[in-house]
There are 2 protein chains.
Amino acid sequence: MGPVPKNPQPALAPVDRAILRLLAEDARMPNNAIAEAVGIAPSTCLARMRALRERGVIRGFHADVDPAALGLGIQAMIAVRLHAHTKERISSFTAEIPHLPGVVAAYHLAGADDYLLHVAVPDTDALRDFVLDHLTAHPAVAHTETSLIFGHMRGEAVS
Amino acid sequence: MGPVPKNPQPALAPVDRAILRLLAEDARMPNNAIAEAVGIAPSTCLARMRALRERGVIRGFHADVDPAALGLGIQAMIAVRLHAHTKERISSFTAEIPHLPGVVAAYHLAGADDYLLHVAVPDTDALRDFVLDHLTAHPAVAHTETSLIFGHMRGEAVS
DNA sequence: ATTGAAATAGGCCCCGT
DNA sequence: ACGGGGCCTATTTCAAT
């Protein structure tokens, strides 16, 4: 019995990985420049980029905006623990999360905590209000733990 | 005594906020389309975009790549607690973090845990190796706690 | 600061090979 | 996968308001 294949999807060509690396670094890099950098023709590069988007390998292109410039000077990570045995309310909580004001990202975790919320708010008052109004007041929420974020860094693994 | 001003920086014009919102959603949106959507001339829009970049309001444009397509099928959050009183080693750890293989993002926290590492790896073996080789083996690291990520969502607060 | 027009450049689709 | 041609669109600069 041979090893179970780990990648059900066709492996990415090296040239595709190179394209992705460039786009992850600068999403507005012109197609011509990408083509030249990876050593293929612009038309080929364009076709590959389209394919990457259609296959869902590229999920989107986003500007990275400094929250402080938007008046959101405080960032925090909030670990959220939900009550067990309330599936409907858990579902409703999950659906509400991305729309809560100030939520940058939400992670659904395996472990003691069920969710990790990355939030950006104007000040500590707003942080308190966020936790009290949207988390502790929610029937599905059992416990929260908030940690201020001093700073963050992007890694080199493509995000 | 009046209230302390909360925004030392000049407030962002509404048109700038509109531009940022569009670019955060689609960083490759053409300047023409942005200009039309926010109701200004393309040349004006270009000037404002340049100013936003030069002021650091826009920190960059990045493609959002599906880690699974890169063979990184497992994602996790690792809370890292460091030893106190070892500032040099803490600094070296901080400097190494973004370059560790598989690190998507790193958050420097206030609280019981010092760092939160978002990692993407091929499989659980690689996750174990990451923790053992780069974290528990590091002299500055006192404790780690790993939580698998079931899923994540982008919020609506600009990131 | 914002604009419109004009020139440059790049993107894109179809056709070949 | 590559190259070229034709066409369209986008970007960029600049003079003027």
Side-chain angles (χ1 to χ4, degrees), chain A residues 5 7-72 154 158-159, chain B residues 5-71 154 158-159:
Chain A
N7 287 338
Q9 314 217 15
L12 239 47
V15 63
D16 282 328
R17 301 185 80 100
I19 293 171
L20 291 173
R21 190 169 37 79
L22 292 169
L23 284 175
E25 196 177 340
D26 178 10
R28 283 185 84 91
M29 189 171 180
N31 180 68
N32 283 346
I34 298 170
E36 189 183 4
V38 306
I40 60 178
S43 54
T44 308
C45 188
L46 194 67
R48 285 193 172 274
M49 248 189 70
R50 288 177 57 107
L52 288 171
R53 294 194 67 170
E54 283 165 11
R55 286 164 56 191
V57 176
I58 297 175
R59 296 187 287 207
F61 301 98
H62 305 287
D64 177 19
V65 178
D66 181 8
L70 297 173
L72 306 175
R154 284 176 56 87
V158 182
S159 65
Chain B
K6 290 183 180 174
N7 286 339
Q9 312 216 19
L12 238 46
V15 63
D16 282 328
R17 301 185 80 99
I19 293 170
L20 292 173
R21 190 169 36 79
L22 293 169
L23 284 175
E25 195 177 340
D26 178 10
R28 282 183 86 90
M29 188 171 181
N31 181 67
N32 285 350
I34 299 170
E36 188 184 3
V38 306
I40 60 178
S43 50
T44 310
C45 188
L46 193 68
R48 284 194 172 273
M49 248 189 68
R50 288 178 59 101
L52 288 171
R53 294 194 66 172
E54 282 165 11
R55 287 164 56 191
V57 177
I58 297 175
R59 296 187 286 208
F61 302 98
H62 304 287
D64 178 18
V65 178
D66 181 8
L70 297 172
R154 285 176 55 87
V158 182
S159 65

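Chain naming here is simple, since letters A, B, ... match the order of the sequence lines and numbering starts at 1 in each. The structure displayed is predicted, hence computed values, not measured ones.
- B:Arg59 and B:Gly56 make their closest contact through CG-O, 3.6 Å (heavy atoms, listed as atom of the first residue, atom of the second, distance).
- The minimum heavy-atom distance linking A:Pro42 with A:Asn32 is given by the pair CB-OD1, 3.5 Å.
- For the pair A:Ala27 and B:Ala27, the tightest heavy-atom approach, listed with the atom from each and the gap, is CB-CB, 4.4 Å.
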Reading DNA chain D 5' to 3', how would its secondary structure be written in dot-bracket notation, given Watson-Crick and G-U pairs with both distances under 3.5 Å, brackets [ ] for crossing pairs and | for partners on other strands?
|||||.|||||||||||
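- Of the C1' atoms belonging to C:dT17 and D:dC7, the separation is 22 Å, rounded to the nearest Å.
- Side-chain atoms of B:Arg53 do not come within 3.5 Å of backbone N or O of B:Gly60 as any donor-acceptor pair.
- Test B:Leu52, B:Val158, B:Val15 against B:Leu20 for side chain to side chain contact (heavy atoms under 4.5 Å, CB included) and you get one pass: B:Leu52.
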Could you write nucleotides 3-17 of chain D as a row of B, S and -, 5' to 3', where a protein heavy atom under 4.0 Å of any base atom gives B, of only sugar-phosphate atoms gives S, and otherwise -?
B------BBSB----
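- With rounding to whole Å, B:Asp16 atom CG is found 12 Å from C:dA1 atom P.
- B:Arg17 and A:Leu70 get closest at one heavy-atom pair: NH2-O, 3.4 Å.
- For B:Thr44 and C:dT3, the shortest distance from a side-chain N or O to OP1 or OP2 is below 4.0 Å.
- The two residues A:Arg154 and A:Ala24 come nearest to each other via the heavy atoms NH2-O, 3.9 Å.
- For the residue pair B:Cys45 and B:Asn31, the shortest heavy atom distance occurs at SG-OD1, 3.5 Å.
- In this structure, A:Arg48 atom CZ and C:dG11 atom P are separated by 18 Å, rounded to whole Å.
- Between the CD1 atom of B:Ile34 and the P atom of C:dT2 there is a distance of 16 Å, rounded to whole Å.
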